[in-house]
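Heads up, the thing below is written out as structure tokens.
Below, chains carry the letters A, B, ... as their sequence lines are ordered, and counting in each starts from 1.
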Amino acid sequence: MANGRVVIGMLGLDQHELGAIAVARILRDAGMEVVYAGRFNTPESIVQIALDEDADVIGISCHSWEYVEYMPELMKLVAEKDADVSVVLGGSVITPADASRMKERGVAAVFGPGAESADIVGTLTDLAGARQARVSMG
Amino acid sequence: MSGEADRFTRSGIPLKDFYGPDDVGQAAHQEVPGSFPFTRGRRAQAVSSGGWIQRGLSGEGDATRSNRQLRYLIGEGQSGVDLIGDSPTQAMMDPDHPLAASAIGTQGVSLCHKDDYIELFKDVPLDAITVSFSVPAMFAVAGLCLAARKYGFPVQKLRGSTILTPFYAEDVTYAIHMPFKARVRTSCDVIEYCAREMPRFHAFIEDTYFFSESGLDAVEEMALGFLEIRHLVREVLKRGVDIDAFAPRIAILVNCSMDFFEEIAKIRATRRLFARMMRDEFGARDPRSWSVVITSHTSGLTMTAQQLPNNIVRGATQTLALVLAGAHAIEISAFDEALRTPTEESHLVGLRTQQIIESETGVSKVVDPLGGSYYVEALTDEMERRIWAMVQELEARGEPGELEESGWFRAFFEEKMQRYQHRLETREQIVVGVNAHRLPAEQDKLLREISEAKIRPYRERIAEVKEFKANRDLARTKAALAKVSERAKEGQNLEPAVLEATEASATMGEIAGTIRLAYGFPYDPHGAMKPLI
């Protein structure tokens with residue numbers, strides 16, 4: 001497998017998609033496999049895509065506050081389905097207080113405004129590598 | 001270096017060390033404000049009060065809450081209100097759609113049926129103020145007319161505006177999932193309807209703001225804007241509407257970024273290009289058709305989440321550029337724009353910024369104070385040349401409908417966003433606080449607490465809308481929707497049928513779905529809602 005497989009998508013009616021597209025390209029350029037789920041996902045649909053695609057990481061891009069409502073639902077679903085997948089969140093609207101609340105909910109990494117490409121790639125590669133190691137050890 | 005320019009404007013125009021008489025064309029010597037081609041402004045008279053309309057966006061929660069907000073702003077002396085719909089409204093989706101639940105009323109007002117509009121405009125003097133809508137135009141016009149009728153204001157006298165976004169919204173903002181030709185047709189329907197029924201209403205605001213926020217430069221912004229204006233004008237002319245019956249009511253809502261002189265030149269060049277196009281290409285005879293109103297929203301993209309106070313400085317700088325360029329109305333992106341829908345406090349800072357520039361600086365005591373500046377005139381000529389060259393190039397590329405549906409525009413926007421990010425990362429473009437002069441997070445505290453307050457989704461709306469749907473005369477609603485469907489298939493102007501259906505208690509989501517079906521598209525793009533008829 002490449003440097004990991006990531007599902008990138010947005011939740012609800014959050015429609016400012018350019019950040020998601022930009023991140024998808026950065027990850028592909030870094031040799032990761034990106035399953036681009038685009039706009040209009042629900043927590044259910046994106047978790048299902050991650051399971052179907054055997055993804056290492058779910059990356060949610062946000063440009064509205066809908067994530068505040070949806071992320072706890074998404075994390076709950078991941079736990080319920082016992083899915084071995086890391087969830088990361090990125091977007092310009094995330095404040096420092098939101099970021100710590102999301103991490104308390106089990107989000108593996110949060111990339112707020114001004115996140116560096118290298119940092120995003122590094123973190124996602126590490127998360128994917130850790131999962132692949134778990135999978136290969138059975 | 002062999003004498004080549006090493007400095008460029010944001011759009012890539014090479015710059016010299018200084019400019020002189022040899023750099024300006026004939027125009028600089030001949031043009032006068034208030035006369036064709038209106039480069040220097042629509043009017044020749046300076047207005048002592050500054051003369052531009054100052055507003056901020058409003059609309060949050062449901063119609064009742066937004067009504068309070070409107071009456072407060074009008075009470076504070078605002079002569080116009082600018083209403084933005086929440087994301088379900090922009091996407092033509094009712095609040096009871098499952099995908100809408102977390103977005104109701106958080107980024108604007110939730111509007112989906114006639115009672116919303118009636119509640120929204122309760123005790124609002126519709127004969128004395130202008131209402132600018134960032135709400136899907138055919139529904140905004142229907143709702144405004146119904147409220148005016150209800151409160152006894154003559155529809156003929158309504159003033160305000162709607163934004164028409166048939167070309168690019170699908171790719172860069174709220175998708176409505178209608179085919180290109182339906183989007184163009186309904187836009188033309190609104191223009192034609194208002195030209196006849198609401199002659200004082202600006203039915204066609206060309207909004208270059210929202211799509212240029214995906215990293216376009218000033219030349220690209222205006223070229224894409226002109227492409228859309230020209231297409232819609234040609235389509236309306238094909239219907240036999242006289243150019244002078246609607247051209248005076250076209251306005252352009254431009255972005256204003258940080259390249260100070262280029263933004264000024266962009267606006268001056270746009271007025272000149274518009275005047276020439278209207279008179280020489282579309283044969284307009286009324287001078288009001290030649291002199292386009294330019295309004296502006298300052299760039300949200302330039303507003304950073306880092307060091308929030310810096311954004312106040314950015315807003316002031318952009319506003320100064322707009323005033324010097326003769327903008328007709330200005331809205332400042334609030335200093336917390338990068339993080340949230342503006343708070344009341346950040347809103348007020350924007351308003352005060354405008355008032356300081358208006359009342360303390362004296363910059364608006366003279367029309368076009370920069371006219372005759374060698375640099376500004378040379379840059380205006382160059383912007384004019386580049387914008388027009390790009391319009392020609394885009395029109396030669398093919399039918400806009402084909403470009404849109406083949407994904408050409410989408411790829412264009414994606415590429416520009418990449419370019420923008422690349423420029424930040426390589427520091428080709430410096431943004432203070434982002435890629436230069438940074439502060440560690442623990443020191444970046446000023447104004448920070450304001451960004452944490454959030455508006456929760458207005459989920460009570462879901463039950464309210466379900467109740468509205470349950471308590472209407474269903475037979476009447478269905479008959480009105482059947483008429484929308486018929487009209488949509490026949491190709492007649494849809495606006496009267498949309499108005500009638502709204503009056504008959506059909507919701508926005510239902511009417512939009514009916515139009516989609518008439519065009520062979522799914523009723524609900526997400527497959528969650530079922531058609532009523």
Side-chain angles (χ1 to χ4, degrees), chain A residues 9-29 36 38-46 60-74 90-101 110-121, chain B residues 86-88 90-91 93 97-104 106-107 169-175 177 210 213-215 300-301 303-306 337-341 410 413-414 416-418 420-422 424-425 431 433-435 438 441-442 444 448-449 451-457 459 525-526:
Chain A
M10 308 178 68
L11 296 170
L13 289 183
D14 200 342
Q15 301 210 32
H16 293 278
E17 196 181 5
L18 290 154
I21 292 168
V23 169
R25 191 164 302 179
I26 290 165
L27 296 177
R28 280 194 188 115
D29 289 349
Y36 188 70
R39 302 183 279 185
F40 312 119
N41 293 285
T42 58
E44 292 78 16
S45 68
I46 204 127
I60 300 293
S61 166
C62 63
H63 199 87
S64 81
W65 290 336
E66 288 167 75
Y67 78 92
V68 175
E69 310 292 325
Y70 285 127
M71 289 304 285
E73 275 178 51
L74 195 156
S92 62
V93 294
I94 307 166
T95 65
D98 294 330
S100 41
R101 270 195 290 274
V110 179
F111 302 100
E116 307 275 346
S117 302
D119 187 24
I120 297 173
V121 169
Chain B
D86 65 2
S87 23
Q90 307 269 21
M93 194 180 266
H97 190 291
L99 267 183
S102 295
I104 303 168
T106 55
Q107 292 181 313
E170 216 67 5
D171 292 322
V172 290
T173 176
Y174 302 106
H177 303 279
F210 78 90
E213 284 285 279
S214 53
L301 190 65
M303 296 289 162
T304 62
Q306 297 85 348
E337 164 82 20
L339 298 168
R340 51 166 298 128
T341 309
R410 190 174 171 84
F413 291 121
E414 282 177 24
K416 302 313 167 199
M417 188 41 110
Q418 299 283 337
Y420 175 76
Q421 274 168 349
H422 180 76
L424 288 193
E425 291 194 359
V431 180
V434 173
N435 60 8
R438 299 207 276 197
E442 63 276 11
D444 186 2
R448 190 57 60 187
E449 72 287 359
S451 64
E452 294 291 347
K454 289 206 169 51
I455 301 170
R456 296 299 303 270
R459 289 196 171 160
H526 312 290

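In this structure, chain A has a heavy atom under 4.5 Å from the backbone of A338(B), while its side chain stays farther away. Proximity to chain B (any heavy atom under 4.5 Å) is restricted, for N41(A), to the backbone atoms N, CA, C and O. Interface remark: P88(B) contributes backbone and side-chain atoms alike to the contact with chain A (heavy atom separation under 4.5 Å). Proximity to chain A (any heavy atom under 4.5 Å) is shown, for I455(B), by both the backbone and the side chain. For A175(B), the parts lying under 4.5 angstrom from a heavy atom of chain A are both the backbone and the side chain. Using a 4.5 Å cut-off between heavy atoms, E213(B) does not touch chain A at all. Heavy atoms of Q418(B) lying under 4.5 Å from chain A belong exclusively to its side chain.
Between the side chain of D444(B) and the backbone N or O of Q306(B) there is no donor-acceptor pair closer than 3.5 Å. A side-chain donor-acceptor contact under 3.5 Å links R438(B) to the backbone of V434(B).
A search for side-chain hydrogen bond (donor to acceptor under 3.5 Å, both in side chains) contacts involving E17(A) returns Y36(A), R39(A), R410(B), not counting sequence neighbours. With sequence neighbours left out, F40(A) forms a ring pair (Phe, Tyr, Trp, His ring centres under 6.0 Å) with H177(B), H526(B).
At a threshold of 4.5 Å between non-hydrogen side-chain atoms, the residues Q15(A) and T173(B) do not count as touching. No side-chain heavy atom of S214(B) sits less than 4.5 Å from a side-chain heavy atom of K416(B).
When each of G19(A), P96(A), S117(A) is scored by its heavy-atom pairs under 4.5 Å with chain B, the top score falls to S117(A). The greatest number of non-hydrogen atom pairs below 4.5 Å with chain A, out of Q90(B), K454(B), Q421(B), is found for K454(B).
When all heavy atoms of G300(B) and E337(B) are compared, the pair lying nearest together is CA-CG, 3.6 Å.
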